[in-house]
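Comments concern the structure below.
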Amino acid sequence: MHPDATSPSHRIARVAAHLNPTRPQMEEGAALRPAACRAKGGAPGFKVAVVGAAGGIGQSLSLLMKMNPLVSVLHLYDVVNTPGVTADVSHMDTSAVVRGFIGQQQLEAALTGMDLVIIPAGLPRKPGMTRDDLFNKNAGIVRSICEGVAKSCPNAIVNLISNPVNSTVPIAAEVFKRAGTYCPKRLLGVTTLDVARANTFVAEVLGVDPREVNVPVVGGHAGVTILPLLSQVSPPCSFTPDEISYLTNRIQNGGTEVVEAKAGAGSATLSMAFAAAKFADACLRGMRGDAGIVECSYVASESCRSSHRR
Ligand SMILES: NC(=O)C1=CN([C@@H]2O[C@H](COP(=O)(O)OP(=O)(O)OC[C@H]3O[C@@H](n4cnc5c(N)ncnc54)[C@H](O)[C@@H]3O)[C@@H](O)[C@H]2O)C=CC1
Ligand SMILES: O=C([O-])CC(=O)C(=O)O
């Protein structure tokens, strides 16, 4: 799919309106614990899987999700290296129970019963590549993971990070449609990093704390499809034409800025993990039933138009 195939109205969504409230579930995996351990007190919370957990984004994201008090069970899945990441993260003294899964044959076990599935699996860019250059490899990876989601946790919310997001989200939608499990409200392309960058760069220009700034960013997640709404910044402010040009260009090319700075060692991982953890937390709060949660995301608009206008 061409990146221009999106429009601003595709993108901004009220997460709370998108999510079916799901009652927090109790952790039931006592039988999996070492014999010397007593049964845990059954902290309520959500079951979350990170798919691609051993990667650059996946490892930091796993750490951040282990720190989230709304998570009671954290499943870490990858095709390589999950035992080490799982052992490492599991020693953090926060409440989520961590379990690791490796290889296609364990995908079903990794996904069964999950409330939220976060997918940072797939190849990252190198300098000179566009996100679309990742399509051939990452489309197949996303397809097989989403087939697993459709089979093992068809009601889970999916946060899709793998690039090119403008294409992987429609691919995931087709997989779910074919499986008869598609619900546009449960499939969310993660574009929070564009918002984080916009907040950071706008705050720099204004000389304020980025935490006090909120810039809606709509459209898609590639080049000119990334549309920061600089007229809608909160708190209200105005920019000179030069500032608008500088900010738009820097926000749209933030990913390339990191790819070039990493000089062949990958793309954004740390800021992406931070952004994904923030977005996942908003989803979990929405699933819990919290009101007033608004996040930008790459979503299908057909059946969601009424919630966009609210
Ligand atoms: N949406 C966004 O704003 C952003 C998206 N990305 C994208 O996120 C993806 C991951 O980036 P990194 O973590 O830096 O890459 P990475 O190469 O460090 O990690 C990717 C991980 O995916 C795993 N993987 C590959 N095939 C898999 C499969 N079938 N099932 C499960 N895991 C599988 C790999 O083993 C690896 O551990 C890339 O496609 C990148 O372009 C990166 C930054 C921002
Ligand atoms: O630019 C890339 O390839 C990774 C990405 O999506 C981003 O950092 O926004």
Side-chain angles (χ1 to χ4, degrees), residues 3 11 49-62 75-86 100-108 110-111 117-149 158-169 171-172 188-198 200 217 219-223 225-226 228 250-262 264-280 296-298:
R11 181 94 178 286
V50 178
V51 178
I57 297 168
Q59 292 200 30
S60 302
L61 179 56
S62 299
H75 282 191
L76 306 183
Y77 173 86
D78 204 302
V79 290
V80 292
N81 298 336
T82 7
V85 176
T86 306
F101 303 84
I102 187 165
Q104 184 68 29
Q105 68 285 3
Q106 293 189 6
L107 181 62
E108 186 172 340
L111 293 175
V117 178
I118 315 174
I119 308 177
L123 291 186
R125 280 202 282 167
K126 290 192 187 322
M129 292 171 76
T130 68
R131 292 180 181 86
D132 276 350
D133 293 333
L134 302 170
F135 180 87
N136 285 345
K137 188 75 182 164
N138 289 354
I141 291 173
V142 167
R143 188 186 64 192
S144 71
I145 294 165
C146 289
E147 285 168 353
V149 169
V158 173
N159 289 180
L160 188 46
I161 296 170
S162 318
N163 269 319
V165 167
N166 289 9
S167 303
T168 53
V169 170
I171 288 168
L188 307 168
V190 180
T191 56
T192 322
L193 184 51
D194 300 323
V195 176
R197 285 176 177 141
T200 303
V217 184
H221 181 64
T225 73
I226 299 170
R250 186 145 187 229
I251 294 162
Q252 290 182 334
N253 294 300
T256 305
E257 182 179 322
V258 178
V259 167
E260 284 171 0
K262 290 198 173 182
S267 55
T269 52
L270 304 173
S271 52
M272 181 60 239
F274 170 79
K278 232 173 151 180
F279 187 68
C296 292
S297 171
Y298 186 64

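Every number for a ligand or one of its atoms is a count from 1 in the order of the listing.
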Check whether any side-chain heavy atom of Val165 sits under 4.5 Å from a side-chain heavy atom of Ser167, and report yes or no. no
Test of ring centre spacing under 6.0 Å for Tyr298 and His221: no
Just wondering, do Val158 and Leu188 contact through their side chains at under 4.5 Å, heavy atoms? no
Report yes or no: does Asn159 contribute a side-chain atom to a donor-acceptor pair with the main-chain N or O of Ile118 at less than 3.5 Å? no
Got a donor-acceptor contact below 3.5 angstrom from the Thr82 side chain to the Phe101 backbone? yes
Please name all residues satisfying side chain to side chain contact (heavy atoms under 4.5 Å, CB included) with Leu134, sequence neighbours left out, ordered by chain then number. Leu123, Arg125, Met129, Asn138, Asn163, Pro164
Any idea which residues sit under 4.0 Å from ligand 2, heavy-atom distances? Arg125, Arg131, Asn163, Leu193, Arg197, His221, Gly255, Ser267, Ala268
Between side-chain atoms of residues 265-279 and protein atoms elsewhere (two or more places apart, or another chain), which donor-acceptor pairs fall under 3.5 Å?
from, atom 1, to, atom 2, distance (Å)
Thr269, OG1, Lys262, NZ, 3.1

Can you tell me which residues line ligand 1 if we count any heavy atom under 4.0 angstrom from one of its atoms, in chain and number order? Val51, Gly52, Ala54, Gly55, Gly56, Ile57, Tyr77, Asp78, Val79, Val80, Pro120, Ala121, Gly122, Leu123, Pro124, Leu134, Asn138, Ile141, Ile145, Ile161, Ser162, Asn163, Val165, Val190, Leu193, His221, Ser267, Ala268, Thr269, Met272
Treating Tyr77 as the side-chain partner and Gly103 as the backbone partner, does any N or O pair qualify as donor plus acceptor under 3.5 Å? yes
Please check this pair: side chain of Asp133 against backbone of Thr130, looking for a donor-acceptor N/O pair closer than 3.5 Å. yes
